[in-house]
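For reference, the structure is listed below as C-alpha cells.
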Amino acid sequence: MASKTVAKDIITLRGSAAIVSEFFEESFGKVKKYGLPLLLTQDEGVKSFIANLTAQLSEWLEAGKLQRIVLVIMSKSTNEVLERWNFSIETDNEVVETGEKSDKEIMREIQAIMRQIASSITYLPCLDEPCVFDVLAYTDKDVAAPLTWIESDPKLISNPQMVKLHSFDTKIHKVNTLVSYKNDDEELDEQ
C-alpha cells in the first residue's frame with residue numbers, strides 16, 4: 001500500500017506578521033504629516049518621480065494655471081483604468097497675494113480628506129492584480145508642458161461608481177476631491 005504525502009502551505013501567525021511587517025518596513029516609512037500617521041514610499045524611483053511632479057505642480061499653482069490633478073490607477077497587464085482620483089483646483093484670483101485662513105483650519109480640512117482616503121478601502125474594490133499609476137495635470141491652454149511630459153487621453157472609466165470626498169480651501173486655492181472606480185456590479189449583471 002502506497003502512502004500519499006500531502007504538502008500544505010501553512011503559515012503561522014508569527015510568520016505572517018513577520019512577512020507583513022517586513023513589507024511595510026522595506027516599502028514604506030512611517031511619518032507624521034497633517035497631524036496624522038502616514039506611510040510614505042521608500043522607493044527611490046517613486047520618490048524622485050513625486051519630487052519632480054510636485055515641483056512642476058507648485059510652479060503651475062503659483063502661476064494660477066493648474067485646474068486639476070488626476071491620479072489614475074491602472075491594471076499593469078491591460079492598462080484598464082481601475083481607479084481615478086480627481087483633485088479639482090479653483091484659484092481665487094481676487095486673493096492671490098494673501099489668504100485669510102489659519103494654518104490650523106486648513107490642516108483640519110486636509111486631515112478630513114486624508115481620513116476619507118484612508119477609509120476608502122471599505123468601499124473600493126480590492127485591486128488583486130499588479131497595478132501602475134499615472135498622473136494627469138490639467139492646465140490652462142496657454143501653458144507649455146515640459147519636455148518630459150506627454151499628452152494623454154483622459155483615462156476615463158466607463159460607467160464608474162463615484163464618491164465625492166471632502167474639500168479643503170486655503171482662501172486662494174480650493175481643492176475638491178472625487179474618486180471614480182470601476183463598477184464591478186456591471187460584470188456580475190452580465191454573467
Side-chain angles (χ1 to χ4, degrees), residues 9 11 16 19-20 22-24 26-31 33-34 36-54 56-57 60-61 66-90 109-141 145-146 148-169 173-191:
D9 291 329
I11 189 162
S16 175
I19 290 169
V20 172
E22 181 181 311
F23 167 76
F24 283 108
E26 290 177 7
S27 302
F28 301 96
K30 195 179 230 180
V31 298
K33 190 90 168 158
Y34 310 113
L36 299 169
L38 300 176
L39 295 173
L40 297 182
T41 184
Q42 296 299 308
D43 183 280
E44 290 303 322
V46 174
K47 286 167 77 172
S48 174
F49 172 82
I50 291 173
N52 291 331
L53 172 72
T54 54
Q56 182 60 63
L57 295 178
W60 287 332
L61 277 168
L66 187 61
Q67 300 166 0
R68 186 176 351 157
I69 304 164
V70 179
L71 171 67
V72 181
I73 300 175
M74 302 171 289
S75 164
K76 186 175 182 178
S77 61
T78 66
N79 278 339
E80 178 184 19
V81 178
L82 304 173
E83 292 178 12
R84 196 170 187 277
W85 293 81
N86 185 17
F87 301 89
S88 295
I89 301 162
E90 300 170 19
E109 291 175 1
I110 293 173
Q111 286 173 341
I113 293 171
M114 298 304 288
R115 285 188 184 105
Q116 276 193 307
I117 290 171
S119 68
S120 68
I121 61 168
T122 60
Y123 58 83
L124 289 174
C126 182
L127 300 177
D128 54 1
E129 62 182 297
C131 294
V132 295
F133 73 92
D134 200 358
V135 177
L136 311 176
Y138 291 77
T139 61
D140 292 352
K141 292 183 188 255
T148 56
W149 289 59
I150 58 171
E151 290 288 325
S152 171
D153 67 278
K155 300 191 184 309
L156 299 174
I157 300 170
S158 66
N159 192 29
Q161 293 288 329
M162 291 187 247
V163 177
K164 186 174 181 346
L165 304 176
H166 286 290
S167 61
F168 76 91
D169 185 352
H173 296 103
K174 181 174 183 179
V175 179
N176 296 304
T177 312
L178 174 81
V179 62
S180 306
Y181 56 96
K182 187 173 175 247
N183 185 356
D184 284 337
D185 293 340
E186 185 178 282
E187 288 178 6
L188 295 174
D189 293 342
E190 293 173 3
Q191 293 177 354

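When reading the values below, keep in mind they use all heavy atoms of this one structure, side chains included, and skip hydrogens, waters and symmetry mates. Positions are given from 1 along the sequence. Everything numeric in this text was worked out from a predicted model, so none of it was measured.
No side-chain heavy atom of Gln67 sits under 4.5 Å from any side-chain heavy atom of Ile89. With contacts defined as side-chain heavy-atom distances shorter than 4.5 Å, the pair Val81/Leu156 does not qualify. Looking at heavy atoms from C-beta onward, Leu82 lies in side-chain contact with Cys131 at the 4.5 angstrom threshold. Between Thr177 and Phe168 there is no side-chain heavy-atom pair separated by less than 4.5 Å. Between Lys174 and Ser167, some side-chain heavy-atom pair lies under the 4.5 Å cut-off. Counting heavy atoms from C-beta outward, Thr41 and Phe49 have side chains that stay 4.5 Å or more apart. Leu136 places a side-chain heavy atom less than 4.5 Å from the side chain of Arg84. In this structure, the side chains of Lys155 and Val70 stay at 4.5 Å or more apart for every pair of heavy atoms.
Under the 3.5 Å distance criterion, the side-chain polar atoms of Ser48 are left unmatched by any main-chain donor or acceptor of Glu44. Counting only distance, with no hydrogens or angles, the side chain of Gln111 and the backbone of Leu36 share no donor-acceptor pair below 3.5 Å.
Side chain to side chain, Ser75 and Glu129 meet the donor-acceptor criterion of an N or O pair below 3.5 Å.
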Problem set entry | Stepwise side-chain contact (heavy atoms from CB on, under 4.5 Å) test for Trp149 and Gln56 | CA-CA 10 Å; Trp149 289 59; Gln56 182 60 63; 4.0 Å; yes
For this session: Verify side-chain contact (heavy atoms from CB on, under 4.5 Å) between Tyr34 and Ile113, making sure each step is shown before the conclusion.
Result: CA-CA 10 Å; Tyr34 310 113; Ile113 293 171; over 6 Å; no
Exercise. Would Lys164 and Asn176 count as a side-chain contact (heavy atoms from CB on, under 4.5 Å) if you check the C-alpha gap in whole Å, the side-chain angles of each, and the deciding distance to 0.1 Å?
Worked result: CA-CA 8 Å; Lys164 186 174 181 346; Asn176 296 304; 4.3 Å; yes
For this session: Mind running side-chain contact (heavy atoms from CB on, under 4.5 Å) on Leu127 and Glu83 for me, showing each step along the way?
Result: CA-CA 9 Å; Leu127 300 177; Glu83 292 178 12; 3.6 Å; yes
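Nearest approach of His173 to Leu61, heavy atoms of both residues: NE2-O, 3.4 Å. Here the closest non-hydrogen pair linking Ser180 and Ile157 is O-CD1, 3.6 Å. Closest heavy-atom contact between Tyr138 and Leu66: O-CD1, 3.5 Å. Taking each heavy atom of Met74 and Phe133 in turn, the nearest pair found is CE-C, 4.5 Å.
Atom-to-atom distance recorded for Leu57:CG and Asn52:CG is 10.5 Å, nearest 0.5 angstrom. With rounding to the nearest 0.5 Å, the separation of CG in Leu71 from CZ in Phe87 is 6.5 Å. Here the CD atom belonging to Glu80 is positioned 4.5 Å from the NZ atom belonging to Lys182, to the nearest 0.5 angstrom.
When the shell of 6.0 Å around NZ of Lys47 is examined, it contains more than 12 heavy atoms from other residues, nucleotides or ligands.
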